[in-house]
Amino acid sequence: MKKYIHILKAELMTSLQYLPNTAFGVFTFFIFVYIMFMVWQYIYSNPQELINGYSITQMTWYLLVTEILFTSLGGRRFCKEICKDVKSGNITYNLNKPYSYVFYALFKHLGSMVLKFIVDIIIGVALGFILIQSMPEQTVLSVILVLVTCFLAELISIFLIIAIGLLSFFIEDANPFYWLYSKMILIFGTFFPIEFFPEYIRGILRYSPIYVISYGPARLFVNFDINEFINILIAQIIYIFISYGICSFLYAKGSKRLNVNGG
Amino acid sequence: MFREIKKEFKIISLSTYYAIQREMLNKASFLSNVFFMILNNLSMIIQWIVLFNLKSNIAGFEFKDILLMWGMAAGTYGFAHFLFEKAFSLSSLIVDGSLDNYLVQPKNVLLSAISSQIGVSALGDLIFAYIMLILTGVTLPKFLLFTLFIVTGGIINLSIAIISGSFSFWFKNSDIIEETSSHLMISFATYPGGIFKGIVRVILYTFIPVGFVTFLPVELLLNFDLKLMLILIAVSILFITLATFMFYRGLRRYSSSNLMIARI
């Protein structure tokens with residue numbers, strides 16, 4: 001475990017050297033939230049209105065939490081890196097190292113995103129107060145528990161992106177799969193809570209990764225319920241095992257197919 | 001001058017042709033990139049289906065108008081990225097010294113640099129744009145106008161990429177500016193202009209000229225106005241002139257990094 005912590009620390013130090021990148025990343029986050037807020041303000045012509053059980057305050061905070069989870073992850077770039085590692089043969093450098101590539105990629109990415117995650121949370125909360133001037137009722141305990149689910153959500157997302165990237169072992173370019181995956185997360189989990197979809201889609205979404213990596217933590221933040229928290233936590237733990245299992249399987253199978261022609 | 005323009009067009013066509021040939025070496029990857037981009041764009045329409053279930057009219061737009069707007073946004077993006085993909089990573093060309101390759105060739109430096117690579121997935125965006133046009137009902141004048149606006153909007157997109165990339169001649173790490181400006185253009189282009197008010201609306205017609213890329217062209221497709229169309233063409237010429245000026249101004253400051261690479 002110590003070696004992975006060192007990897008995380010090294011990446012965190014690197015990200016501290018590139019603070020302007022973080023600042024511009026936050027700016028992009030601000031723009032996304034601003035645009036969606038404008039759309040919701042248009043839809044909620046009456047501020048007291050409830051749409052599918054959500055008030056404009058809840059909807060704005062739901063959006064902020066899901067956007068923090070989505071943008072601080074930097075999934076597109078991360079998936080590109082994994083694909084490039086596989087396609088270029090760089091992944092071979094990891095074959096004879098005394099660590100698991102999946103954990104190496106996980107901790108490396110956690111190190112590079114942790115600063116942005118913290119900054120996004122601070123900016124997100126400030127933005128929420130500026131845009132809507134109120135917040136769903138919170139206790140210290142509920143905030144801590146939501147943060148736990150947020151952390152686990154990011155962990156599962158990273159594993160799933162590694163799995164998509166590792167598909168490059170079998171197909172030439174796995175990036176298009178990430179485009180589609182990210183759009184599904186955006187539409188069914190980030191822009192809208194699952195209550196906005198017909199019943200038959202809701203059923204599927206409740207068992208999909210969207211429930212644990214996007215909808216769950218945000219729903220808890222806007223309407224905390226301890227039973228819902230337990231359900232989400234259990235689902236997240238199950239998903240961590242499943243997604244890690246998929247990554248390990250793909251890496252084990254894929255590395256056997258690896259063929260590097262010198263360099 | 002006419003001969004010069006003709007020569008440059010020939011260079012772009014040949015450059016694109018060879019780039020396509022190169023990419024087609026792996027047909028499966030080429031086709032999957034195009035197919036998934038169409039699917040990727042189509043999936044975003046779900047967002048609008050949900051929103052139109054809540055309200056039948058958003059900022060004066062009906063669902064059909066949104067499809068047209070998405071077609072325009074994808075088409076302009078696709079045009080710029082398909083033909084001039086390298087313009088969107090101009091910053092790295094300047095910083096790592098790869099611009100040397102183009103300086104020694106007896107061709108227009110900017111044009112040969114930005115047209116040296118095609119964006120395969122951007123072809124999917126272009127196809128998607130015309131699918132949207134067909135879905136909203138196509139006539140010959142509408143088709144011609146749509147194509148014209150894809151070119152003018154694409155030129156504006158390209159100009160913004162060149163301007164933001166050219167900052168690298170003066171500042172280090174300006175790749176962030178390049179990336180952010182590209183993000184901003186896409187983000188605003190896929191929402192109806194009517195939801196943005198006040199100062200933001202002014203910004204969207206100046207510093208982030210999305211207004212000329214999607215808002216105004218969609219408006220013109222719905223209610224044609226010759227004067228506004230001429231303004232749109234003039235604005236795109238103005239932007240590309242500004243971008244070219246900025247690139248060549250910066251090029252005076254460029255110094256080679258003596259980078260030695262093999263180009264195969």
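Hydrogens, waters and symmetry mates are skipped; everything else that's a heavy atom, side chains included, is used. It should be emphasised that the depicted structure is a prediction, and the values quoted were computed from it without experimental measurement. To find a chain, count down the sequence lines: A is the first, B the second, and so on, and within it residues start at 1.
Within 6.0 Å of atom CD in A/Glu49, more than 12 heavy atoms from other residues, nucleotides or ligands are found, so the atom counts as buried in its surroundings. Other residues, nucleotides and ligands place no more than 12 heavy atoms under 6.0 Å from the NZ atom of B/Lys64. No more than 12 heavy atoms of other residues, nucleotides or ligands lie within 6.0 Å of OH in B/Tyr17, so this atom counts as exposed by the packing criterion.
Scanning residues 52-86 of chain A against chain B with a 4.5 Å non-hydrogen threshold yields A/Asn52, A/Arg77, sorted by number. Contact annotation for residues 192-222 of chain A against chain B (heavy-atom separation below 4.5 Å, listed by residue number): A/Phe192, A/Phe196, A/Phe197.
Annotation: the span from A/Asp120 atom CG to A/Phe117 atom CZ amounts to 8.5 Å, rounded to 0.5 Å. With rounding to the nearest 0.5 Å, the separation of CZ in B/Phe61 from CG in B/Leu68 is 8.0 Å. Here CG of A/Leu127 is found 9.0 Å from CZ of A/Phe37. Values are rounded to the nearest 0.5 Å.
The most heavy-atom pairs under 4.5 Å with chain B, out of A/Ile171, A/Leu186, A/Leu180, A/Asp173, come from A/Leu180. Your options are A/Val39, A/Ile43, A/Asn175, and the one with the most heavy-atom pairs under 4.5 Å with chain B is A/Ile43.
For a residue to count as touching a neighbouring chain, one of its non-hydrogen atoms must lie under 4.5 Å from one of that chain's; by this rule A/Ile51 touches chain B with the side chain only. Both the backbone and the side chain of A/Tyr42 come within less than 4.5 Å of a heavy atom in chain B. Interface remark: B/Phe188 contributes backbone and side-chain atoms alike to the contact with chain A (heavy atom separation under 4.5 Å). In this structure, the portion of B/Leu54 lying under 4.5 Å from any heavy atom of chain A is its side chain and not its backbone. Both the backbone and the side chain of B/Asn40 have a heavy atom closer than 4.5 Å to some heavy atom of chain A. Contacts between B/Leu51 and chain A at a heavy-atom distance below 4.5 Å involve backbone atoms as well as side-chain atoms.
With B/Ser29 contributing its side chain and B/Asn26 its backbone, the two residues share no donor-acceptor pair below 3.5 Å. Using a distance-only test at 3.5 Å, with no hydrogens or angles considered, a donor-acceptor pair links the side chain of A/Ser182 to the main chain of A/Trp179.
Taking the six-membered ring for Trp and the full ring otherwise, A/Phe191 and B/Trp48 have centroids separated by 6.0 Å or more.
In this structure, B/Tyr77 and B/His81 have parallel ring planes: the angle between them is below the 30° cut-off, well short of the 60° mark.
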### Message
Could you go through B/Ile156 and B/Thr76, starting from their C-alpha distance and side-chain angles, then the distance that decides it, and tell me whether this counts as side-chain contact (heavy atoms from CB on, under 4.5 Å)?
### Response
CA-CA 9 Å; B/Ile156 295 174; B/Thr76 51; over 6 Å; no
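B/Phe128 approaches B/Leu42 most closely through the heavy-atom pair CE1-N, 3.7 Å.
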